There are 2 protein chains.
Amino acid sequence: MVVRELDPAGTDRVFAALADATRRDIVARVLRREASVTALADAYAMSFAAVQKHVAVLERAHLVVKQRRGREQIVHADVATIRAAARLLDQYEELWRGRVDRIEDLLAAEQEGNAS
Amino acid sequence: MVVRELDPAGTDRVFAALADATRRDIVARVLRREASVTALADAYAMSFAAVQKHVAVLERAHLVVKQRRGREQIVHADVATIRAAARLLDQYEELWRGRVDRIEDLLAAEQEGNAS
DNA sequence: CTAACGTGCAACCACATGGTTGTACGTGAG
DNA sequence: CTCACGTACAACCATGTGGTTGCACGTTAG
């Protein structure tokens, strides 16, 4: 299984996208069953445009992918990105456990442009 | 092992806190070794106040805990919250796998106040 | 005791975000 | 062909965020 790696900017986008309950709910929905943007919009008490923007945020974070089907845009989850985020958190936990074997790579990547 | 559950608002705070590279770096640092706020601030090319605010954000998300020691405030990671976030992502992945056995609870909690 | 240290917080600024309404445009149904 | 549908996007507004500087305050070193 190829595990996609997240660069720092991509990690920013993924976690920022997941930091909104509506967007998490959208991800949960399309994980179970793909849906058109309009079908998603019908499920929430906000304008279509608001939902469409949420989907765009998820798309930019590669948490969902859109696929045109007729005049509809079908949204489905990109589980690889979710898995990459989960793996990142697992690595943080291993960092805590003291298993810093190869994890330095992760840190080196994460620290790029941060340290003084 | 008691796994702390994240309510929707708490999940917002955790992912929002993790959506910043500086804050992820701070978490990684204190996972390996606890550090005072000033010691952390010395590691970044920004003002002390900026770092102090980052630590405050992490603290509100319960990703770190501060403990006063003399006139210093020692920051250490709260690995339980990281684990809770990782578990949440794992549950999303299981949702995708079709293992919706008991996961409905997760969704029910997450959907509160979202669905129309 | 006094001075320096470590911390927290307020005020401010530029910019991002989450929502709205309105408009535009391609596509498919009839 | 025409028109409704599904989508995208711009403009706008209120609020949040990440940075700054400056000040206040408790604590410890000397």
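What you see is a predicted model; the values in this text were computed from it and never measured. Lettering of chains follows the sequences in order, A, B, ..., and the numbering in each one begins at 1.
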(request) Find which nucleotide of DNA chain C each of B/Gln73 and A/Asp20 is nearest to by heavy atoms, and output the residue with the more 5' nucleotide. (result) B/Gln73
Without decimals, in angstroms, what is the distance between [X] [atom1] and [N] [atom2]?
X: A/Asp25; N: C/dG18; atom1: CG; atom2: C1'; answer: 16 Å
X: A/His54; N: D/dC9; atom1: NE2; atom2: C1'; answer: 16 Å
X: B/Phe15; N: C/dT17; atom1: CZ; atom2: P; answer: 17 Å
X: A/Gln52; N: D/dC5; atom1: CD; atom2: P; answer: 18 Å
X: B/Tyr44; N: D/dT20; atom1: OH; atom2: C1'; answer: 19 Å

(request) Identify the heavy atoms of A/Val37 and A/Val51 that sit nearest to each other, and give their distance. (result) O-CG1, 4.4 Å
(message) Going by salt bridge (charged side-chain N to carboxylate O under 4.0 Å, His left out), name the residues that satisfy it together with B/Lys53, two or more places apart in sequence or in a different chain.
(response)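 So B/Lys53 forms no salt bridge (charged side-chain N to carboxylate O under 4.0 Å, His left out) with any residue.
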(request) Would you please name every residue forming a salt bridge (charged side-chain N to carboxylate O under 4.0 Å, His left out) with B/Asp12, sequence neighbours left out? (result)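 Listed in chain order: A/Arg24.
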(request) Output the single nucleotide from C/dG18, D/dT20, C/dG6 whose closest atom is nearest the side chain of B/Glu72. (result)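 Nearest nucleotide to the side chain: C/dG6.
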(request) Return the nearest nucleotide to the side chain of A/Phe48; candidates are D/dT7, C/dG8, C/dT20. (result) D/dT7
(message) Hydrophobic clusters here meaning ILVMFWY residues chained together by side-chain heavy-atom distances under 4.5 Å, can you tell me if B/Leu95 and A/Val79 are in one?
(response) yes
(message) Output one letter per nucleotide in nucleotides 24-30 of chain D: B when a protein non-hydrogen atom lies under 4.0 Å from the base, S when only the sugar-phosphate is that close, - when neither is.
(response) ---BBS-
Side chain to side chain contact (heavy atoms under 4.5 Å, CB included) involving [X] - partner list, sequence neighbours excluded:
X: A/Ala50; result: A/Met46, A/Ser47
X: A/Ala56; result: A/Arg60
X: A/Ala77; result: A/Val30, A/Leu31

Scan the side chains in residues 67-74 of chain A for donor-acceptor partners under 3.5 Å anywhere in the protein, sequence neighbours excluded, and list what turns up.
from: A/Gln67; atom 1: OE1; to: A/His76; atom 2: NE2; distance (Å): 3.1
from: A/Arg69; atom 1: NH1; to: A/Glu34; atom 2: OE2; distance (Å): 3.3
from: A/Gln73; atom 1: OE1; to: A/Arg68; atom 2: N; distance (Å): 3.2

(message) Does A/Ala49 reach a base, just sugar-phosphate, or nothing at all? Heavy atoms under 4.0 Å.
(response) base
(request) Could you tell me whether the phosphate oxygens of D/dT7, OP1 or OP2, come under 4.0 Å of any side-chain nitrogen or oxygen in A/Lys66? (result) no
(message) Taking 4.0 Å as the cut-off, does a side-chain nitrogen or oxygen of B/Ser47 come that near to OP1 or OP2 on D/dT20?
(response)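 So the side chain of B/Ser47 is within the cut-off, an N or O lying under 4.0 Å from OP1 or OP2 of D/dT20.
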Give me the distances for all protein-to-nucleotides 11-17 of chain D N/O pairs that come in under 3.5 Å?
none

(request) Scan residues 10-34 of chain A for pairs that pass ring-ring contact (aromatic ring centres under 6.0 Å, His included), counting only residues two or more places apart or in two chains. (result)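 Non-adjacent pairs meeting ring-ring contact (aromatic ring centres under 6.0 Å, His included): A/Phe15-B/Phe15.
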